[in-house]
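To keep things clear, I will list the structure first and then write my remarks on it.
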Amino acid sequence: MSIQDPILQSVRNKDFMVGYLEALSLVERLHRLLLDVIKDEFERVGVLEINAVQALLLFNIGDNEVTAGELKSRGYYQGSNVSYNLKKLVEMGFMHHQRCEIDRRSVRVRLTEKGRNIRDVVSDLFGRHAEGLRDKGVLGQDGIAEITASLKRMERYWTDQIRYIY
């Protein structure tokens, strides 16, 4: 073993760490940017009563009937965040809510017509973006598949760290 091996390993470790930190920063920035893009779309179409987080929540619920716990367990939202936003969306008429017959503590929610309209605005926005990314050569099918696979592996790794670290 030469003296260069530990030095080379140290350089590789630093390079990986720099790349990892850059990827984390990019994920954070992309999430904030996504919310800004949604906000701008709603300003453009004149919908000002709902914020980007709430619009994304409606999009993610889609045609499903769910509980706040299900949204949290899917990893979409934090506890107090989802509960607060669901309550506001019900108050503003974007969602129906109903107590579960089996577990009266649990409330199931689904979109109203008004909520489905918001979901459709977000869906149309994402559809235009997908076409633009593809048509302008920003990302092709292979590129998006590679990004998605990498992010899923990272998600699985982080989930394992939470579950098995203690």
Side-chain angles (χ1 to χ4, degrees), residues 4-5 7-66 68 70-79 81-82 84-86 88-89 92 94-95 109-165:
Q4 297 245 359
D5 290 339
I7 294 170
L8 194 57
Q9 186 62 39
S10 176
V11 168
R12 286 185 185 135
N13 288 343
K14 281 184 184 175
D15 287 347
F16 187 83
M17 183 63 170
V18 167
Y20 177 63
L21 293 176
E22 185 177 359
L24 292 178
S25 179
L26 188 56
V27 167
E28 278 187 283
R29 286 195 323 264
L30 285 171
H31 178 69
R32 285 192 301 271
L33 191 56
L34 172 64
L35 294 177
D36 286 343
V37 165
I38 293 169
K39 177 181 162 280
D40 286 350
E41 179 70 3
F42 279 89
E43 287 174 358
R44 187 183 69 73
V45 298
V47 176
L48 304 175
E49 63 185 316
I50 189 168
N51 67 41
V53 170
Q54 292 165 339
L56 198 53
L57 182 58
L58 293 173
F59 175 79
N60 285 326
I61 291 170
D63 291 327
N64 300 311
E65 185 175 290
V66 298
E70 289 168 338
L71 289 168
K72 289 184 286 189
S73 69
R74 292 179 193 173
Y76 290 137
Y77 303 94
Q78 297 299 318
N81 183 9
V82 73
Y84 169 81
N85 281 308
L86 289 176
K88 296 303 275 181
L89 289 165
M92 292 186 291
F94 292 102
M95 301 186 82
V109 295
R110 69 183 188 286
L111 304 187
T112 62
E113 182 66 31
K114 189 175 175 183
R116 286 190 298 276
N117 290 337
I118 295 297
R119 181 216 40 216
D120 291 345
V121 170
V122 176
S123 182
D124 291 346
L125 173 68
F126 290 169
R128 288 194 317 271
H129 287 175
E131 286 177 18
L133 287 167
R134 185 193 60 224
D135 294 348
K136 292 182 179 174
V138 176
L139 276 176
Q141 184 63 41
D142 291 344
I144 200 73
E146 186 177 335
I147 289 169
T148 302
S150 295
L151 290 172
K152 283 181 178 179
R153 287 192 306 272
M154 197 170 205
E155 177 186 38
R156 199 168 25 249
Y157 177 79
W158 284 351
T159 300
D160 289 348
Q161 295 305 299
I162 293 167
R163 287 189 185 142
Y164 305 118
I165 199 152

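Classified by interplanar angle (parallel below 30°, tilted 30° to 60°, perpendicular above 60°), the ring pair F16/Y20 is parallel.
Remark: E41 engages R44 in a salt bridge, criterion side-chain N to carboxylate O under 4.0 Å. With respect to E131 and R128, no salt bridge is recorded, no charged nitrogen being found less than 4.0 Å from a carboxylate O.
Residue L34 holds its CG atom at 5.5 Å from CG of L56, rounded to the nearest 0.5 Å. Rounded to the nearest 0.5 Å, atoms CG (L125) and CG (D120) are 12.5 Å apart. Here the NZ-CZ distance, from K39 to R32, works out to 14.5 Å after rounding to the nearest 0.5 Å. One distance of note links CG of L133 with CG of D135; it measures 9.5 Å at 0.5 Å rounding. Considering CG of L24 and CE of M154, their distance stands at 5.0 Å, rounded to 0.5 Å. Atom CD1 of I50 and atom CZ of F94 lie 4.5 Å apart (nearest 0.5 Å).
The number of heavy atoms from other shown groups lying within 6.0 Å of CD (E49) is above 12. Heavy atoms from other residues, nucleotides or ligands lying under 6.0 Å from CD of E43 number more than 12. Around atom NZ of K88, no more than 12 heavy atoms belonging to other residues, nucleotides or ligands sit under 6.0 Å away.
Not one N or O on the side chain of N60 forms a donor-acceptor pair closer than 3.5 Å with the backbone of L57. Using a distance-only test at 3.5 Å, with no hydrogens or angles considered, no donor-acceptor pair links the side chain of R134 to the main chain of Q141.
At a threshold of 4.5 Å between non-hydrogen side-chain atoms, the residues N51 and L35 do not count as touching. Put simply, the side chain of L86 reaches to within 4.5 Å of the side chain of L71, judged on heavy atoms. No side-chain heavy atom of I118 sits less than 4.5 Å from a side-chain heavy atom of Q54.
Counting all heavy atoms, side chain and backbone alike, V66 lies closest to E70 at CA-OE1, 3.0 Å. The two atoms that bring A55 and I38 nearest to each other are CB-CG2, 4.0 Å, heavy atoms only.
Side-chain contact annotation: R119 with S123, donor-acceptor N/O pair under 3.5 Å absent. Side-chain N/O atoms of S150 and R153 include a donor and acceptor closer than 3.5 Å.
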